[in-house]
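Chain letters run A, B, ... following the sequence lines, proteins first, then strands; residues in each count from 1.
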Amino acid sequence: DQQVKQNSPSLSVQEGRISILNCDYTNSMFDYFLWYKKYPAEGPTFLISISSIKDKNEDGRFTVFLNKSAKHLSLHIVPSQPGDSAVYFCAARGMNRDDKIIFGKGTRLHILP
Amino acid sequence: DGGITQSPKYLFRKEGQNVTLSCEQNLNHDAMYWYRQDPGQGLRLIYYSQIVNDFQKGDIAEGYSVSREKKESFPLTVTSAQKNPTAFYLCASSSPVYGLAGGTDTQYFGPGTRLTVL
């Protein structure tokens, strides 16, 4: 039973355009959400996070939007650059002491020249 | 400079042998985690430890064992009981904060160890 779903295994975007990666979750008790970027044969690197008390968080070219009523979050990258080609993981966690971070299966982003 | 290290980068093992993967962090994080990544599977949690001398099973703990004798170190042993051990193993650490609508839990990952069973 996947609690965090990234329904698009891959996405191709032209360089300079906006990349939008989507993530859906099923657990309404999740209160903290993260996006990670991963290159092949490397560990994931943290990109951006958002708490459930917000609906938007921005950091440079990266913006995460949270729609709690739809249990949906998205990562916007603008403008997209060649170095953005990687696998992006969405993750979520509840507010309790024993809650663990749950990762989605990832979306592979290809930035086209 | 602070970080999380894993060694070795590549590891080969014969069937039937146990092997231990190293994970060290100097970030002063309380919590440490082991994940396994397989193609198309995302990150699956093997074991995690929220404090020294304590650890809990994750979603796929069978065939693995861990110890947490020091805050900085969280080694993972892949035993011969693990039926399909060939994978990319990732260690992470964090200092989670829990609470009503204000918690954080940014996990920082090591570079990974690619284990291949021959």
Is the shortest heavy-atom distance from the side chain of B:Arg44 to the side chain of A:Phe103 under 4.5 Å? no

If two hydrophobic side chains count as joined below 4.5 Å and joins carry through other members, does A:Ile50 share a cluster with A:Phe62? yes

Say you draw a straight line from OH of B:Tyr35 to CD1 of A:Ile101; how long is it, rounded to the nearest 0.5 Å? 5.5 Å

Would you call A:Lys38 and B:Leu90 a side-chain contact if the rule is heavy atoms closer than 4.5 Å? yes

With hydrophobic residues grouped by side-chain heavy-atom distances under 4.5 Å, do B:Tyr108 and B:Met32 end up in a single group? no

Are B:Val19 and B:Tyr89 linked, directly or through other ILVMFWY residues, by side chains that come within less than 4.5 angstrom of each other? yes

Does A:Val87 belong to the same Ile/Leu/Val/Met/Phe/Trp/Tyr cluster as A:Phe46, with side-chain heavy atoms less than 4.5 Å apart forming each link? yes

Consider only side-chain N and O atoms of A:Lys100 and B:Gln56, and report whether a donor and an acceptor are under 3.5 Å apart. no

Decide yes or no for B:Gln37 and A:Phe89: does some side-chain heavy atom of the first lie under 4.5 Å from some side-chain heavy atom of the second? yes

Straight-line distance of B:Thr106 OG1 to A:Tyr36 OH, nearest 0.5 Å: 5.5 Å

Roughly how far apart are A:Ile102 CD1 and B:Leu43 CG, rounded to 0.5 Å? 11.0 Å

Any link between A:Leu47 and A:Val64 through a network of hydrophobic side chains (Ile, Leu, Val, Met, Phe, Trp, Tyr) touching at under 4.5 Å? yes

Pair count under 4.5 Å, heavy atoms only, with chain B: among A:Ala41, A:Pro44, A:Gly43, A:Gly104, highest is A:Pro44

Would you say that more than 12 heavy atoms from the other residues, nucleotides or ligands in this model lie under 6.0 Å from the CD1 of B:Ile51, or not? no

